[in-house]
Colleague: 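The structure is given below, and queries will be raised subsequently.
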Amino acid sequence: MNQTTSTLLSWITFMPLLGAVGVLAVVGLRSVGTLAKEAADQACRVLAMVASGLTLVLALGLWKAFDPSNPGLQFVHHTRWIAAFNIEYFVGVDGLSITLVILSALISFIATIASMPWWPGNAHLDEHHFTQHGVAGYMAMLLLLQTGMLGVFVAMDMFLFYVFWEVMLLPMYFLIGIWGGARKEYAAIKFFLYTLSGSVLMLLAIIGLYFNNPAHTFNMVEMAKFGREGGYLSAPLVLGMSFMRVAWVALFIGFAIKIPMFPFHTWLPDAHVEAPTPISVILAGVLLKMGIYGILRINYGILPQATKWAAYAMAVFGCINIVYAAFVCLAQKDLKRMIAYSSVSHMGFCLLGMSAFTQQGIDGAVLNLWTHGLISPMLFLIVGVIYDRAHHRNIEGFGGLAKQVPEYAGLLGLAFFASLGLPGLCGFVSEFTVFLGSLATWQTLTIISALSVIITAAYYLWAIQRMMLGKLNPAYTSLPDVNWRERLTLYPLGALIILFGFYPAAIINLIEGSLRTLILPLQ
């Protein structure tokens, strides 16, 4: 395996953490009276912007330097960490993880911009989340969350992977629980308990994999090699059942909660509805992708025999996600809750495609992580724009807004049509590739899933009709259109949605080689 030695991934991962340390230093200066409150708050915002922006620049540099023809790990930084337990600091990227590193950096930067109520033109926005509970704490938690997310995608030691996975949990809990909406405590606790339950199952499985490997290593490359050779087939039974299958199910449930997969999905709508808009952007754009990534990296990579055993179940749950959540969306009156359930539906495409074990299917699944990671943040930003002005999200409470806010209506239409899979926009390409790859393997499930696209179109078009068309609601005759801060978050995402709709090869070329290697033992 050709590996290049580099500290670039370490810089990308820990740059936000350095920004968080800077924010804490500003808090210290304010506590001793060196800085006034307003100056300290502004300094915290600037530090967050700089740290998040530098992370994105480094991630784009990583993209430029990445060699798509090499399916192995690149930009490896590998050293001993805790020698007594054979734990290593081991980071690297391949085609599976590089797109998610870039996506995390991009969405985190956009979320940081969306967290800036002090920009010109934002005087009408509701700023109570920032003024009541403090800017410094919010920015520090946001930056710590970014480090946790990036670390999950670059870690190649399973102990390190688990550490980053847990690091990501804590700041998200506080960001929802402190800066969220009316039912923020309930949503935050529900999110924490669901995720922690999955984490406990993951931890037990990780310990089992460690002890049933003669090398007693957490190195994912070595564990994957041992697993492909059938090493875990001879592990002692667990409660009379195959260890390999028990470990696979435990890991899968932990990751399925994060996807979220039916029936573990109920935490997501509450978390989305109560979270502030920038946190919903990160939650939909990045955190949901961790579940699919974990299954591909660990379940597929280390336990391929058990993965083949569970393929049909994955396909069935993927189909349920797609169809069930689409019908639930149709019944929603809260715009943010509708979009939250749409994420549940769209993540089902990933499960369906990756369970087929075909090149097109797994390419479509990982491409869907990228396309949904662009579309869903734009959708939640769209919700945030109208909520900041109208202070409600009731779809039926609007009407005729296209006449009053035409720029907003155009952006909403672009995001909605991308999510429902309109050809020419990136959502279509990923869904089409999933169906192309899964039809031969799961014909009935694929046909059912494809027909549910009609339901997806129905709930989006019905929402457009109720919000944008018809007679203008007199309550919104003075509603302002989007401002420059909002344009800085929405237009880049809109442009990327169109770009990758016409040129998905930019992502497929990155992922194809590594994914071909990943599914080879499964075919």
Colleague: Could you give me the CA-CA distance, side-chain angles and deciding distance for V366 and M354, then say whether side chain to side chain contact (heavy atoms under 4.5 Å, CB included) is met?
Modeller: CA-CA 8 Å; V366 177; M354 61 198 263; over 6 Å; no

Colleague: Whether the side chain of N86 engages the backbone of H216 through a donor-acceptor N/O pair (distance < 3.5 Å, no angle test) should be reported.
Modeller: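 Checked: pair present.
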
Colleague: Are the side chains of L251 and L201 in contact, using a 4.5 Å heavy-atom criterion?
Modeller: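 No, every pair of side-chain atoms sits at 4.5 Å or beyond.
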
Colleague: Would you please classify the geometry between the F90 ring and the H78 ring as parallel, tilted or perpendicular, with 30° and 60° separating the classes?
Modeller: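 Ring orientation of H78 relative to F90: parallel.
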
Colleague: Report yes if the distance between the aromatic ring centroids of Y173 and F191 is under 6.0 Å, otherwise no.
Modeller: no

Colleague: Measure the shortest side-chain to side-chain distance between C426 and I375 over non-hydrogen atoms and say whether it is less than 4.5 angstrom.
Modeller: yes

Colleague: Tell me whether the count of non-hydrogen atoms from other residues, nucleotides or ligands lying under 6.0 Å of NZ in K225 goes above 12.
Modeller: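 No - once you tally the heavy atoms of other residues, nucleotides and ligands closer than 6.0 Å, there are 12 at most.
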
Colleague: Considering non-hydrogen atoms only, spot the tightest contact between G254 and W165 and give its length.
Modeller: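 So the minimum-distance heavy-atom pair works out to O-CZ2, 4.3 Å.
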
Colleague: Has T147 got a side-chain atom pairing as donor or acceptor with L17's backbone, closer than 3.5 angstrom?
Modeller: yes

Colleague: Is the positively charged end of K289 above the ring of W370, judged by distance under 6.0 angstrom from the centroid and angle within 45° of the axis?
Modeller: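 Ring-cation test returns no.
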
Colleague: Specify the closest pair of heavy atoms between P504 and L367, including all atoms of both residues, with the distance to one decimal.
Modeller: CB-CD2, 4.4 Å

Colleague: Hey, does the side chain of Y324 reach the backbone of C319 with a donor-acceptor pair shorter than 3.5 angstrom?
Modeller: no

Colleague: Can you confirm whether W11 is buried at CH2, in the sense that more than 12 heavy atoms of other residues, nucleotides or ligands lie under 6.0 Å from that atom?
Modeller: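 Open.
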
Colleague: Over all heavy atoms of both residues, which pair between Q360 and G437 is shortest? Give the atoms and the distance, please.
Modeller: CB-CA, 3.6 Å

Colleague: Is the W81-F159 ring centre distance short of 6.0 angstrom?
Modeller: yes

Colleague: Determine, step by step, whether L73 and V76 satisfy the side chain to side chain contact (heavy atoms under 4.5 Å, CB included) criterion, reporting the C-alpha distance in whole Å, the side-chain angles of both residues, the deciding distance to 0.1 Å, and the verdict.
Modeller: CA-CA 7 Å; L73 290 177; V76 169; 3.8 Å; yes

Colleague: Nearest 0.5 Å, what's the CD1-SG distance between I339 and C329?
Modeller: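 Going from the CD1 atom of I339 to the SG atom of C329 covers 9.0 Å.
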
Colleague: Is there a donor-acceptor pair under 3.5 Å between the side chain of S197 and the backbone N or O of L193?
Modeller: yes

Colleague: If you round to the nearest 0.5 Å, how far is CG of L54 from CE of M49?
Modeller: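 Taking CE in M49 and CG in L54, the distance rounds to 11.0 Å.
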
Colleague: Within a strict 4.5 Å, meaning less than it, do heavy atoms of the R297 and D94 side chains meet?
Modeller: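 Yes, close enough: below the 4.5 Å cut-off.
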
Colleague: Could you verify whether a donor N or O on one side chain and an acceptor N or O on the other, from H372 and S343, lie under 3.5 Å apart?
Modeller: yes

Colleague: Are the side chains of T55 and S108 in touch, meaning some heavy atoms are under 4.5 Å apart?
Modeller: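 The answer is no, as the side chains (C-beta and beyond) never meet within the 4.5 Å cut-off.
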
Colleague: Do F500 and I507 have side-chain heavy atoms sitting under 4.5 Å apart?
Modeller: yes

Colleague: Are Y232 and L303 close enough that some pair of their side-chain heavy atoms sits under 4.5 Å apart?
Modeller: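 The answer is yes, as the side chains (C-beta and beyond) meet within the 4.5 Å cut-off.
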
Colleague: Quick check for you: to the nearest 0.5 Å, what is the distance between L420 atom CG and I455 atom CD1?
Modeller: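 Result: 12.5 Å between the selected atoms.
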
Colleague: Taking NZ, NE, NH1 and NH2 as the nitrogens, is one of them in D363 or R516 under 4.0 Å from a carboxylate oxygen of the other?
Modeller: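 Salt bridge absent between D363 and R516.
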
Colleague: So, W267 versus F192, ring centres under 6.0 angstrom or not?
Modeller: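 No, ring centres 6.0 Å or more apart.
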
Colleague: Quick one: does any side-chain atom of S104 pair with a main-chain N or O of L150 as donor and acceptor, under 3.5 Å?
Modeller: no

Colleague: How are the rings of H272 and F380 set to each other: parallel, tilted or perpendicular (split at 30° and 60°)?
Modeller: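 Judged by the thresholds at 30° and 60°, the geometry between H272 and F380 is parallel.
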
Colleague: Check whether any side-chain heavy atom of L268 lies under 4.5 Å from a side-chain heavy atom of Y194, and answer yes or no.
Modeller: no

Colleague: Please step through side chain to side chain contact (heavy atoms under 4.5 Å, CB included) for the pair T266 and K190, ending with a clear verdict.
Modeller: CA-CA 9 Å; T266 58; K190 192 173 184 179; 3.8 Å; yes

Colleague: Just by distance, no angles: are the side chains of E166 and S199 close enough, under 3.5 Å, to form a donor-acceptor pair?
Modeller: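 There is such a pair (donor and acceptor under 3.5 Å, judged by atom type) between the side chains of E166 and S199.
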
Colleague: When the ring planes of F349 and H346 are compared, do they come out parallel, tilted or perpendicular, using 30° and 60° as the limits?
Modeller: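 Correct class here is tilted.
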
Colleague: Distance only, no hydrogens: is a donor on one side chain within 3.5 Å (strictly under) of an acceptor on the other, for S10 and H77?
Modeller: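 Yes.
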
Colleague: Looking at every non-hydrogen atom in both residues, tell me the closest pair between L103 and G285 and how far apart they are.
Modeller: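 Heavy atoms of L103 and G285 come nearest at CD2-O, 3.4 Å.
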
Colleague: So, does Q305 use its side chain to make a donor-acceptor pair with the main chain of G227 at under 3.5 Å?
Modeller: yes

Colleague: Kindly compute the distance separating CZ (R228) from CD1 (I302), expressed to the nearest 0.5 Å.
Modeller: 9.5 Å

Colleague: Could you tell me whether the side chain of N213 and the main chain of L209 form a donor-acceptor pair under 3.5 Å?
Modeller: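 Side chain of N213 to backbone of L209, a donor-acceptor pair under 3.5 Å: no, none is there.
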
Colleague: In terms of side-chain heavy atoms, does N368 have a donor or acceptor partner in E431 at a distance below 3.5 Å?
Modeller: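 No pair is found: no donor N or O on one side chain lies under 3.5 Å from an acceptor on the other.
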
Colleague: Just by modelled atom types, is the F218 backbone N or O under 3.5 Å from a matching donor or acceptor in the E222 side chain?
Modeller: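 No, the answer is negative, given that no donor and acceptor are paired below the 3.5 Å cut-off.
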
Colleague: So L106 and L374, side chain to side chain contact (heavy atoms under 4.5 Å, CB included) or not? Walk me through it.
Modeller: CA-CA 9 Å; L106 171 65; L374 297 175; 3.8 Å; yes

Colleague: Are there over 12 heavy-atom neighbours, none belonging to F432, within less than 6.0 Å of that residue's CZ?
Modeller: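 Not buried by this count: 12 neighbours or fewer within 6.0 Å.
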
Colleague: Grab the two heavy atoms, one from G318 and one from L351, that are nearest each other, plus how far apart they are.
Modeller: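 Between these two residues, the closest heavy atoms are CA-CB, 3.7 Å.
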
Colleague: Quick one: OG1 on T441 to OH on Y312, what's the gap to the nearest 0.5 Å?
Modeller: 13.0 Å

Colleague: Under 30°, 30 to 60°, or over 60°: which ring-plane class applies to F153 and Y293, parallel, tilted or perpendicular?
Modeller: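 The arrangement is perpendicular - the two ring planes meet at more than 60°.
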
Colleague: Using distance alone, with no hydrogens and no angle criterion, decide if D67 and S69 have a side-chain donor and acceptor under 3.5 Å apart.
Modeller: yes

Colleague: If you round to the nearest 0.5 Å, how far is CG of L96 from CD1 of I292?
Modeller: 11.0 Å

Colleague: For residues F243 and P236, determine if any side-chain heavy atom of one lies less than 4.5 Å from a side-chain heavy atom of the other.
Modeller: no

Colleague: Does R183 offer a backbone N or O that forms a donor-acceptor pair with the side chain of E274 under 3.5 Å?
Modeller: yes

Colleague: Treating S345 as the side-chain partner and S342 as the backbone partner, does any N or O pair qualify as donor plus acceptor under 3.5 Å?
Modeller: no

Colleague: For residues L510 and P68, report the shortest heavy-atom separation together with the two atoms involved.
Modeller: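 Closest approach of L510 to P68: CD2-CG, 4.2 Å.
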
